[in-house]
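First comes the structure, then the notes that go with it.
All values reported here derive from a predicted model rather than from experimental measurement. Whatever order the structure lists them in is the order used to number ligands and atoms, beginning at 1.
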Amino acid sequence: MTNDGWVEIREDLRKRVGKDNYITWIEPLKLSELRDGVASFSVPTTFFGDWVKRNFSDQILHHLHRSGAEVDRIEFALDRISAPKPAKAAEPAPRKRASNEDEVPGAPLDARFTFDSFVVGKPNELAHAAARRVAEGGPVTFNPLFLYGGVGLGKTHLMHAIAHELQTRQPDLRVLYLSAEQFMYRFVQALRERQVMDFKELFRSVDVLMVDDVQFIAGKDSTQEEFFHTFNALVDQNKQIVISADRAPGEIKGLEERIKSRLQCGLVVDLHPTDYELRLGILQQKAEFYHTQYRDLVIAPGVLEFLAHRISTNVRVLEGALTRLFAFASLVGREITLDLTQDCLADILRASDRKVTIEEIQRKVAEHYNIRLSDMIGPKRVRTIARPRQIAMYLAKQLTSRSLPDIGRRFGGRDHTTIMHGVRKIEELMTADSQLADDLQMLKRLLQG
Ligand code: ADP
Ligand code: MG
């Protein structure tokens with residue numbers, strides 16, 4: 001395999017590791033050699049290599065295997081740009097791996113996704129409790145367990161945790177975890193290779209079946225059909241099934257009614273969007289983990305709180321932010337302060353800002369200063385109205401990405417220089433007037449939710 005081959009494979013990794021990790025850690029890797037079962041990658045720094053090795057080598061190996069490459073080990077070596085390139089030896093053609101790997105045909109489990117590493121809070125406590133119950137492996141009380149919720153809220157984590165736990169308690173249990181996409185892929189392959197009976201047998205012989213992201217099979221008729229039969233066969237045998245999706249069974253469009261109603265027969269629990277406490281808990285846990293790796297890194301008070309407050313999208317983004325922050329701080333050898341955080345994560349912070357509109361700003365400011373909304377855009381120049389109007393201009397500049405002329409238009413067609421003047425005026429007053437500074441803080445908080 002050449003570096004070009006690798007470039008194709010690594011695209012698949014993007015989905016597994018997430019975009020931020022991908023850009024930071026995977027994209028810079030160059031495959032320099034693949035020989036005798038060892039894939040050698042060149043990396044820019046030793047730290048970089050260590051990091052990738054610790055965090056991503058399993059996934060990289062997995063994807064190399066999947067592409068048919070014969071690899072047992074990966075190595076990282078410093079990229080010696082100045083050294084002359086050694087003449088490339090002819091590479092062995094990639095051979096397909098012996099296919100005795102399909103004894104357990106599931107997707108690999110992420111070793112980090114355990115119950116121990118799952119932080120429980122109000123938004124996920126029910127889902128967590130239900131997952132724990134299933135993981136005990138006692139008599140099946142609800143079938144299926146259906147977990148649903150938005151992206152990055154921990155569905156896959158919980159499913160892997162169940163699988164790990166079951167495997168530890170009962171090593172003989174046949175637990176099969178895979179995504180609905182992989183289910184479909186395997187089914188289509190079985191059809192093509194005329195091995196549908198084998199496929200059926202395999203899926204009917206497991207003790208626990210876990211299918212992640214089941215919304216994927218919506219609208220895919222023959223896969224749905226097969227899924228339905230597999231599902232019924234396992235339920236009839238009293239085998240536990242765990243399903244996840246990004247929404248409730250009834251809300252998955254293109255899913256057959258009979259499947260929807262079967263999915264609703266068990267226990268349906270949702271993972272709610274994270275709240276501040278849960279996010280902070282997750283950040284604290286991850287930060288502790290990083291501390292064991294970078295003992296000399298200091299994180300200033302308030303940084304985790306700041307992140308928990310500002311990044312409210314999903315846990316994956318939160319984790320990506322922290323990973324980048326620690327990696328960056330360790331590269332530059334500095335304490336993780338709020339300033340460093342804001343610099344290092346500017347793009348993430350911007351993207352997760354709730355979009356505030358100028359209209360909202362005008363409304364909130366008018367409310368706060370007890371003036372009419374129409375006065376925001378009207379011509380009155382008395383101080384009691386002009387000042388709040390300038391405050392709204394200032395906030396519009398700060399909290400939205402609108403240009404000055406654009407803001408001007410939304411303030412009754414004022415000129416951009418008027419807006420600029422208003423913004424400057426407030427900046428000036430703010431430094432001397434602590435009441436005004438407090439007001440601005442509070443308004444910002446209100447507007448940013
Ligand atoms: P989903 O499958 O719902 O899209 P994942 O299970 O893949 O989300 O979670 C995304 C990332 O966030 C994973 O790295 C996971 O470990 C982490 N995560 C989500 N929820 C929690 C939690 N409650 N505690 C610890 N980590 C979490
Ligand atoms: Mg998932």
Quiz item: Should one rank R16, H128, R316 by closest heavy-atom distance to atom 7 (O) of ligand 1, which comes out on top?
Solution: R316
Quiz item: L447 versus L399: any side-chain heavy-atom pair under 4.5 Å?
Solution: yes
Quiz item: So, are E359 and R410 salt-bridged, with charged N and O less than 4.0 Å apart?
Solution: yes
Quiz item: Does V119 approach ligand 1 within less than 4.0 angstrom via side chain, backbone, both or neither, non-hydrogen atoms only?
Solution: both
Self-check item: Ring geometry between F231 and F227 (parallel below 30°, tilted from 30 to 60°, perpendicular above 60°)
Solution: tilted
Quiz item: Do K155 and D213 meet the salt-bridge criterion of a basic N to acidic O distance under 4.0 Å?
Solution: no
Quiz item: Which atoms of ligand 1 are found less than 4.0 Å from any heavy atom of V151?
Solution: 4 (O)
Quiz item: Are any of the side-chain nitrogens in D347 or R324 under 4.0 Å away from the carboxylate oxygens of its partner?
Solution: yes
Self-check item: Top protein contact for atom 12 (O) of ligand 1, by heavy-atom distance
Solution: V315 CG1, 3.2 Å
Exercise. Of the side chain and backbone of S117, name the one, both, or neither that has a heavy atom under 4.0 Å from an atom of ligand 1.
Key: backbone
Quiz item: Would you find a donor on one side and an acceptor on the other, under 3.5 Å apart, between the side chain of H160 and the backbone of L109?
Solution: no
Practice problem: Name the orientation class of the two ring planes belonging to Y276 and H309 (parallel below 30°, tilted from 30 to 60°, perpendicular beyond 60°). | Solution: perpendicular
Quiz prompt | Neighbouring protein N, O or S atoms of the Mg ion (ligand 2) [cut-off: under 2.8 Å, no waters] | solution = T156 OG1
Quiz item: To which protein heavy atom is atom 17 (C) of ligand 1 closest, and what is the distance rounded to 0.1 Å?
Solution: E319 OE2, 3.2 Å
Quiz item: Does some side-chain heavy atom of I162 sit less than 4.5 Å from a side-chain heavy atom of V242?
Solution: yes
Quiz prompt | Shortest protein contact, atom 8 (O) of ligand 1 (heavy atom only) | solution = G154 N, 3.2 Å
Quiz item: What protein heavy atom sits nearest atom 4 (O) of ligand 1, and how far off is it?
Solution: G152 N, 2.7 Å
Quiz item: Which ligand 1 atoms, with their elements, are less than 4.0 angstrom from a heavy-atom of N124?
Solution: 23 (N)
Quiz item: What pair of heavy atoms forms the shortest contact from P249 to L263, and how long is it?
Solution: CB-CB, 4.1 Å
Self-check item: R258 atom CZ, neighbour heavy-atom count above 12 within 6.0 Å
Solution: yes
Quiz item: Which residue supplies the protein heavy atom nearest to atom 16 (O) of ligand 1, what is that atom called, and how far is it?
Solution: H157 ND1, 2.7 Å
Practice problem: Show your working on side chain to side chain contact (heavy atoms under 4.5 Å, CB included) between L318 and N314 and close with a plain yes or no. | Solution: CA-CA 6 Å; L318 207 59; N314 73 51; over 6 Å; no
Practice problem: Below 4.0 angstrom from a heavy atom of F113, which ligand 1 atoms are there? Numbered from 1 as shown, please. | Solution: 13 (C), 14 (O), 15 (C), 16 (O)
Quiz item: Got the closest protein heavy atom to atom 2 (O) of ligand 1, with its distance?
Solution: T156 OG1, 2.7 Å
Quiz item: Less than 4.0 Å between a side-chain N and a carboxylate O, is that true for K200 and E226?
Solution: yes
Exercise. Using a 4.0 Å heavy-atom cut-off, say whether L158 meets ligand 1 through its side chain, its backbone, both or neither.
Key: neither
Quiz item: Do K239 and V206 touch side chain to side chain, with heavy atoms closer than 4.5 Å?
Solution: no
Self-check item: Close approach, G149 and ligand 1, non-hydrogen under 4.0 angstrom
Solution: no
